[in-house]
Undergrad: 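Take a look at this one; I'll ask things after.
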Amino acid sequence: MSLHLEHLNPEQLAAVTLPDEHALILAGAGSGKTRVLTTRIAWLIKGGRVTPAGVLAVTFTNKAAREMLTRVGAMLPSASPSSLPRGMWIGTFHGLANRMLRAHHREAGLPAAFQILDSQDQLAAIKRLLKGMGVDEDRFPPREVMYFINGQKEEGVRSRDVTVTDENTRRLAELYAAYDEQCQREGVVDFAELLLRSYELLKNNEILREHYGQRFRHVLVDEFQDTNRLQYRWLKLIGRSSCLFAVGDDDQSIYTFRGANVGNMQDFERDFRVKHVVRLEQNYRSHGNILDAANALIANNRNRLGKNLWTAAGQGEPLRVFEGESDMDEARWIVEEVRALERDGTRLSQVAVLYRSNAQSRVVEHALFSQGIPYRVYGGLRFFERAEIKHALAYLRLIATPDDDNSFLRVANFPPRGIGARTIEQLQDAAKQQGKSLMAVVDGKALSFRKLIDDLRAETQGLPLKELVEVVVAKSGLIEHYKTEREGADRIENLEELVNAAATFTEEARETESGEAVDPLTAFLTHAALEAGEHQAGEGQEALQMMTVHSAKGLEFDVVFLSGLEEGLFPHEQSVTERDGLEEERRLAYVAITRARRRLYLSHAQTRMLHGQTRYNIPSRFLEEIPEGLMKWLTPRFSRQREAVWGAARRAPDPIPTLKTPRDVGGFRIGQNVVHPKFGSGVIIDAEGQGGDARVQVNFGSQGVKWLAVSVAKLQAA
DNA sequence: CAGCCTCACTTTTTT
DNA sequence: AGTGAGGCTG
């Protein structure tokens, strides 16, 4: 009910109570940015500076949007979360764009029941397009065409405006045009299109622009460092005459690989002549040593707006650092520590194992599984992305929009009903000739499929959503089909879960009243596309948390294991070739470190299985960038000779089978530690040739990976 | 038309 | 190592 302004620190309070002008809030990790954002909204409304309908708040994930909604609701009078903020627009960029396009679909040139393509759907649509146009998929891989199209859309560039520099780009622009035509014909819209379309709608339609410009007095943006150029332009348009309140942290920008533009923060300051820049630097999450480590690390980055976190909490423990002989060794150690923590009363759900890439989770999972420690792995396939769910949704879509060729192709012959490639090809030819959809030109064998869909539509006419989905799942033949599959039980369970999802969605929809009148089925399909489902198995259970560093952003844990701190892995080897790639990796490490509240473990392994091969890695440069005084090495630092691995392999009762036989090359061998007068210390990771011609490949960490001729280079065994 | 097998790929991810 | 997609054979 209350805002509790007295609990805010001076900077937070200043940010919350800024006058009605543009503001940029630089909010460090754990500095209470969500709190500032939500309190600001509530403060504006309570003070009568704005009505709920005048507020637009944008986030990146549905989860963040929900949290914001709940927290704002809790601070406002008469608030039960359901009867919430009448008319307030809180949501993701895509959610809000969708909302606008639904409301003005006619002006935007879209059918009322337009469908949304997720990335999978989009790729399928592009593959289909390329095939139809007879494009050589080796020269134009569908995935790259997709990246090109999305990249252009995210820069706000339409096909006719593409800067054509060469033949390749010219062709790509053509494909872009053809793709957009296909989408338009089929009444579907991809994620990037949602944004671009609503941007153009505002830009070209003066009435709407004025309407929304007048309406939204205050526009607030979360995670501003993650916005791309189009999103920034969208904000500029919709918030033309409003006060823009942007909250972000340039040090936590870890999504440039998907188009995020940190430069938006500087641009914003300049474009809007921002008078108020508030830095939130007091951290309420971590102990001092953890923060000091994070600060020291990120200080190595050049492109920063500048910020230093501090805490009133004590220094806490030193960071614990472990060197494993192998990835398995590292995993074993993690498991041991986790059990010790558990014995000391730490809740498993407060412990997280973080890693740079998903492939690393497997070894740890094995170790945890064999010790019977419950764990939960984040990421991977989400509910609405599962094949069986996509199949069911395809049936539903065909009921709503029969011309949806993507869906037609997905399920025309699934479960198998004798409509093979031949038949489909004929249909595609006919459709192309007549300029119609596949469903419209169905004949012969495929008539049975159209009849099935027509029957389903007739039968479900007027049924409530839940029953509708139930009937479709039952009569599509999917359940029957999965009964015959050996892995089918899980899939059937998921289909049943889909029916439940439909049931809950109906209730939610009634409560939150998304406003615009859309038929329930379309609303549900939109929900499925826009919210692939954070809803995952094992939620809320007491289990160890495992995830990539990326997915850990925004979360916090008492204890964090940051594993695989090795050159080539973290920083990832592909990052060194990208512009500013290393700085992004460092920000990633910064995000990882600042997830920990009380205890942080850092670990690396000397050898690691990757893609079926043993790799020899040296410790990450990031370990060297953390002051020695903050760390406590659980294993003697670098003292274990790499030879120890071979020694262990010889002595151990069961030798580690994955190790290659150490081959002598000019007195050196793979895995050996060496010192070079110029490049410093490194480890031999590959070798070729014999005697005088022998060459070895050495990983010198921050100095890079080099091939050296043994007879020339002054290499010494370390 | 359908199942099987080989081949190529492998950073990070939300919507 | 493990997976997914596409090609080939029955």
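Values in this document were obtained by computation on a predicted structure and should not be read as measured data.
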Undergrad: Is there aromatic stacking of His94(A) on dT15(B) here, judged by a ring-centre distance under 5.5 Å and a plane angle under 30°?
TA: no
Undergrad: Could you check how far CD of Gln360(A) sits from C1' of dA1(C), rounded to whole Å?
TA: 15 Å
Undergrad: Arg258(A) has a side chain; which of dT13(B), dT15(B), dA1(C) sits nearest to it?
TA: dT13(B)
Undergrad: When you measure from the side chain of Lys445(A), which nucleotide among dA1(C), dC1(B), dT15(B) comes out closest?
TA: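 Given the options dA1(C), dC1(B), dT15(B), the side chain of Lys445(A) is closest to dC1(B).
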Undergrad: Quick one: do the Tyr378(A) and Arg376(A) side chains pair a donor with an acceptor below 3.5 Å?
TA: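 The criterion, which ignores hydrogens and geometry beyond distance, is satisfied for Arg376(A) and Tyr378(A).
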Undergrad: Mind checking Phe60(A) for me? I need base, sugar-phosphate or nothing, with any heavy atom below 4.0 Å counting as a touch.
TA: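 Sugar-phosphate contact only.
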Undergrad: Check whether the side chains of Tyr375(A) and Glu365(A) place a donor and an acceptor atom closer than 3.5 Å, and report yes or no.
TA: yes
Undergrad: Is Ile419(A) touching bases, backbone alone, or none of the nucleic acid, heavy atoms closer than 4.0 Å?
TA: sugar-phosphate
Undergrad: Would you indicate what Ser575(A) reaches in the nucleic acid, counting non-hydrogen atoms under 4.0 angstrom: base, sugar-phosphate, or nothing?
TA: nothing
Undergrad: Could you check which residues of residues 404-417 of chain A get a heavy atom under 4.0 Å from DNA chain B? Sort them by number, please.
TA: Asn413(A), Pro416(A)
Undergrad: Within less than 4.0 Å of OP1 or OP2 of dT13(B), is there a side-chain N or O belonging to Asn358(A)?
TA: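 Looking at the OP1 and OP2 atoms of dT13(B), one of them is under 4.0 Å from a side-chain N or O of Asn358(A).
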Undergrad: Please report the distance, rounded to the nearest Å, between OH in Tyr147(A) and P in dT13(B).
TA: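 So the OH-P distance, Tyr147(A) to dT13(B), works out to 12 Å.
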Undergrad: Output one line per pair: protein atom, nucleotide atom from nucleotides 2-8 of chain C, and distance, for all N/O pairs under 3.5 Å.
TA:
none

Undergrad: For Glu578(A), which contact category applies under a 4.0 Å heavy-atom criterion: base, sugar-phosphate, or nothing?
TA: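 Counting heavy atoms under 4.0 Å across all strands, the contact made by Glu578(A) includes a base.
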Undergrad: Below 4.0 angstrom, N of the basic side chain to O of the carboxylate: do Asp226(A) and Arg258(A) qualify?
TA: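 Salt bridge flag = no for Arg258(A) with Asp226(A).
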Undergrad: Just to be sure I understand the rule, does Ala529(A) reach a base, reach only the sugar-phosphate, or reach nothing, if contact means heavy atoms closer than 4.0 Å?
TA: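 Here Ala529(A) touches no strand at all.
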Undergrad: Between the side chains of Asp250(A) and Arg304(A), is the shortest nitrogen-to-carboxylate-oxygen separation below 4.0 Å, so that they form an ion pair?
TA: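 The answer is no: the pair does not qualify as a salt bridge.
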Undergrad: With the stacking rule set at 5.5 Å and 30°, tell me whether Tyr255(A) counts as stacking on dT12(B).
TA: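 Stacking between Tyr255(A) and dT12(B): absent.
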Undergrad: With a 4.5 Å heavy-atom cut-off, do Leu582(A) and Arg621(A) have their side chains touching?
TA: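 Contact flag for Leu582(A)/Arg621(A) side chains = yes.
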Undergrad: Nearest to the Glu385(A) side chain among dT15(B), dT12(B), dC1(B), which nucleotide is it?
TA: dT15(B)
Undergrad: Could you check whether the side chain of Thr92(A) and the base of dT14(B) have a donor-acceptor pair of N or O atoms closer than 3.5 Å, going by distance alone?
TA: no
Undergrad: Which of the following nucleotides, dT11(B), dT12(B), dT15(B), is nearest to the side chain of His572(A)?
TA: dT11(B)
Undergrad: Identify which nucleotide among dT14(B), dC1(B), dT11(B) has an atom closest to any side-chain atom of Thr61(A), counting heavy atoms from C-beta outward.
TA: dT14(B)
Undergrad: Check this for me: does any side-chain nitrogen of one of Glu325(A) and Arg608(A) sit under 4.0 Å from a carboxylate oxygen of the other?
TA: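 Answer for the salt bridge query: no.
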Undergrad: Does Asn62(A) put a side-chain nitrogen or oxygen below 4.0 Å from OP1 or OP2 of dT14(B)?
TA: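 No, because none of the side-chain N or O atoms of Asn62(A) sits under 4.0 Å from OP1 or OP2 of dT14(B).
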Undergrad: Could you tell me how far apart Tyr199(A) (OH) and dT15(B) (P) are, to the nearest whole angstrom?
TA: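 Spelled out: OH on Tyr199(A) to P on dT15(B) is 24 Å.
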Undergrad: When rounded to the nearest Å, what value does the distance between P atoms of dG4(C) and dT13(B) take?
TA: 16 Å
Undergrad: I'd like to know if Glu154(A) and Arg229(A) make a salt bridge, using a cut-off of under 4.0 Å between side-chain N and carboxylate O.
TA: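 No, no charged N to carboxylate O under 4.0 Å.
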Undergrad: Ignoring backbone atoms, test whether Thr423(A) places a side-chain nitrogen or oxygen under 4.0 Å from the OP1 or OP2 oxygen of dC1(B).
TA: yes
Undergrad: Between Lys33(A) and Glu67(A), is there a salt bridge with N-O shorter than 4.0 Å?
TA: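 Judged by the 4.0 Å cut-off on N to carboxylate O distance, Glu67(A) and Lys33(A) do not form a salt bridge.
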Undergrad: Please state how far atom CD1 in Ile424(A) lies from atom P in dC1(B), giving the value in whole angstrom units.
TA: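 One finds 9 Å between P of dC1(B) and CD1 of Ile424(A), rounded.
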Undergrad: So Phe408(A) and Phe449(A), would you call those rings parallel, tilted or perpendicular, with 30° and 60° as cut-offs?
TA: perpendicular
Undergrad: Go through the side-chain N and O atoms of Thr526(A) and Arg102(A) and say whether any donor and acceptor fall under 3.5 Å apart.
TA: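 A donor-acceptor contact under 3.5 Å links the two side chains.
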Undergrad: Whole Å only: how far is the CE atom of Met547(A) from the P atom of dT14(B)?
TA: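 So the two atoms are 12 Å apart, to the nearest Å.
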Undergrad: Would you please classify the geometry between the Phe524(A) ring and the His527(A) ring as parallel, tilted or perpendicular, with 30° and 60° separating the classes?
TA: parallel
